[in-house]
*Asks:* 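I'd like to ask some things about the structure below.
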Amino acid sequence: MDSTQLLKGVLDAAVLAVISEQDGYGYDVVRRLRDAGFTEIGDATVYGTLRRLFQSGALTSYVVPSDEGPHRKYYGLTAAGHDQLLAARGSWKEFSDVVNGIFDGTRSVA
Amino acid sequence: MRVTQRTDEQVAAYVQDVSRALGALPEDDKAAMLDDLREHATAVLAESPEIELSERLGTPEDFAHELLDAAGINAVPKNHRINIAAYYEKFQHSWLGAMTARAARDFAPLWAALRGATMLWLVVQPMRHQWGFSTRSLLVIGGLIGWLLWSRYRDLTQHNWLGRTVGIAVNLATAAVIFNFVTSPLLAWDWKPTGSASASPVGLAYNGTTVFGIQAFGPDAKPVAVALFDEGGNPLMGDPFSTVNLGCSSDLNVVAIPYLNAAGQAVNNVYPAQGVCVDQDNVVRGEATQFYGEASVQQWTPPVLPQPGQKVVLDANGHYAAVVGSPDATNPTVPTPSPSASSVS
């Protein structure tokens with residue numbers, strides 16, 4: 001199964017989770033997601049997600065000067081972002097428990 | 001240094017292509033997205049200087065589509081979008097596109113001059129007769145201005161949407177005017193406006209003002225019938241029913257009666273006009289009064305010209321004021337001045 005389809009459903013939560021560990025700029029977030037295992041994730045997908053989360057108020061941003069190139073725009077979680085991440089974790093746990101139960105045969109599907 | 005320059009150029013080109021592919025978005029959204037992309041693309045090339053951005057990030061069109069999709073903005077299915085940018089890019093790389101680009105570069109100064117000439121002509125044309133400009137002088141001056149502004153034109157029209165809109169409108173107007181000139185018989189340099197399209201005075205003008213009711217007088221100070229023509233034999237005043245110097249009582253209407261030539265045809269530019277007064281049923285009640293010529297002629301005395309040998313005195317404006325001295329007695333052909341002449345001895 002194409003993992004990108006699965007990723008779409010949890011991308012917001014994944015991005016929020018990465019940033020909750022440490023604030024990061026776009027390229028950094030892409031790299032950390034890939035290092036975590038989302039190797040096929042598109043750069044533009046991450047940037048679009050960051051933009052959407054920022055506009056919804058889940059993220060804040062600030063600019064950090066860089067000696068090596070253009071200034072970097074770092075993203076950090078807002079209080080609303082923390083709440084959204086907590087809710088997403090709860091939903092994901094519940095959802096994954098159900099799916100794991102089905103896969104393991106410990107949950108009836110009849 | 002060279003690597004940095006290449007990086008900057010590649011990033012700028014990629015960002016520009018993505019910007020074009022993003023299409024019409026709110027300026028703030030677009031600027032924020034492109035800022036992120038500029039920073040991201042620079043970081044990508046810093047990490048892998050030898051690769052092309054499109055290898056790493058996908059084509060600009062794909063990147064823009066993915067970006068919009070993930071951001072939840074205007075997420076139109078990719079295969080439903082008319083990718084004008086892609087078609088334009090394809091055209092640019094074709095033989096015809098290369099020829100067009102080269103021609104555009106070569107003819108840019110000429111086009112700038114044509115643009116300037118067209119704009120000045122459009123702006124000044126309605127008043128050019130009053131201001132004394134000929135079409136040729138307008139085109140030459142406008143062309144010179146356009147050529148001088150050529151190098152600044154792009155700067156002036158690329159800063160914001162208003163500048164871009166004006167720039168496009170000016171180019172389209174120039175193309176339309178040139179097309180009209182090329183495809184119409186008005187191409188002649190000595191084109192003269194005719195009919196209602198002309199902003200110049202209609203009829204016979206003197207110092208820019210239309211004049212009516214011109215009267216001609218004979219040596220006896222009485223109006224005479226004359227027909228006025230220009231050097232081409234065209235009637236100067238051809239209004240066939242001019243009643244400008246004919247009058248009737250207030251309850252009657254004036255009807256001008258044209259002169260007839262030897263062939264019995266109506267000749268309309270003969271003055272003074274003659275006419276009749278008619279009632280509401282168009283029944284003639286009498287002859288119309290010529291309220292110009294006769295009245296003014298009553299008080300007018302024809303001048304007695306100064307004779308050879310006499311001296312004229314001019315006023316401060318250089319106009320005739322008086323005559324002094326006696327006529328040259330040695331000239332037998334000179335008639336003796338009339339005693340009523342206004343000579344001053």
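A note on names: the letters A, B, ... follow the listed sequences, proteins ahead of strands, and every chain is numbered from 1.
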*Asks:* If we only count heavy atoms from C-beta on, is the B:Asp36 to A:Tyr27 side-chain gap below 4.5 Å?
*Replies:* no
*Asks:* Sequence neighbours left out, what pairs pass salt bridge (Lys or Arg N to Asp or Glu O under 4.0 Å) with at least one residue falling in residues 45-62 of chain A?
*Replies:* A:Asp12-A:Arg52, A:Arg51-B:Asp29
*Asks:* So which part of B:Val44 gets closer than 4.5 Å to some heavy atom of chain A, the side chain, the backbone, both or neither?
*Replies:* both
*Asks:* Would you check if B:Glu66 and A:Asp43 make a side-chain contact, meaning some heavy-atom pair closer than 4.5 Å?
*Replies:* no
*Asks:* How long is the span from the CG atom in B:Asp69 to the OG1 atom in A:Thr45, to the nearest 0.5 Å?
*Replies:* 7.5 Å
*Asks:* Evaluate the side-chain proximity of B:His40 to A:Lys73: yes if any heavy-atom separation is below 4.5 Å, no if none is.
*Replies:* no
*Asks:* Is the shortest heavy-atom distance from the side chain of A:Tyr25 to the side chain of B:Glu39 under 4.5 Å?
*Replies:* yes
*Asks:* More than 12 heavy atoms of other residues, nucleotides or ligands under 6.0 Å from OH of A:Tyr62: is that the case?
*Replies:* yes
*Asks:* Where on A:Val46 is there a heavy atom nearer than 4.5 Å to chain B: the side chain, the backbone, both, or neither?
*Replies:* neither
*Asks:* Minimum heavy-atom separation for A:Ala44 and B:Leu67, please, with both atom names.
*Replies:* O-CD1, 3.5 Å
